[in-house]
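Below is one structure, written out as structure tokens; the observations come after it.
Please read these numbers as outputs of a predicted model, since none were measured by experiment.
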Amino acid sequence: MTFPRALIAASCVDPVMTEDDVKALFEVVTQGQIKALFDTAWDVHNSNGLVPFSLAASALLAALGGDE
């Protein structure tokens with residue numbers, strides 16, 4: 001069950017999580033919650049309609065005076 005932990009850890013930006021953090025989280029949440037986290041992380045990385053989060057784009061917009 002390494003892939004679900006890796007995917008969820010890679011998807012977390014605030015707070016940043018390691019695979020060990022996700023493993024510890026999995027010990028205190030239900031299987032249904034784990035599935036919801038995995039499904040959401042999967043959707044984030046495989047959706048055609050979403051704009052990905054980008055620190056570089058956010059910094060550029062901030063430098064240009066944008067709101068995001």
Side-chain angles (χ1 to χ4, degrees):
M1 194 156 103
T2 302
F3 179 70
R5 289 193 310 253
L7 179 64
I8 292 168
S11 302
C12 291
V13 294
D14 187 18
V16 173
M17 296 184 79
T18 65
E19 286 187 55
D20 287 336
D21 294 331
V22 176
K23 182 178 179 181
L25 177 65
F26 281 9
E27 293 175 5
V28 296
V29 298
T30 67
Q31 288 296 315
Q33 291 168 318
I34 291 170
K35 182 179 181 324
L37 285 169
F38 176 78
D39 289 348
T40 301
W42 182 265
D43 289 345
V44 165
H45 292 283
N46 289 293
S47 177
N48 292 330
L50 296 176
V51 176
F53 175 77
S54 169
L55 289 174
S58 295
L60 177 62
L61 288 173
L64 296 173
D67 292 330
E68 273 87 23

By salt bridge (charged side-chain N to carboxylate O under 4.0 Å, His left out), Lys35 pairs with (sequence neighbours left out) Asp39

Sorted by chain and residue number, the side-chain contact (heavy atoms from CB on, under 4.5 Å) partners of Ile8 (sequence neighbours excluded) come out as Cys12, Val22, Phe26, Leu37, Phe38, Ala41

Residues pairing under salt bridge (Lys or Arg N to Asp or Glu O under 4.0 Å) where one sits in residues 12-28, two or more places apart or in two chains, turn out to be none

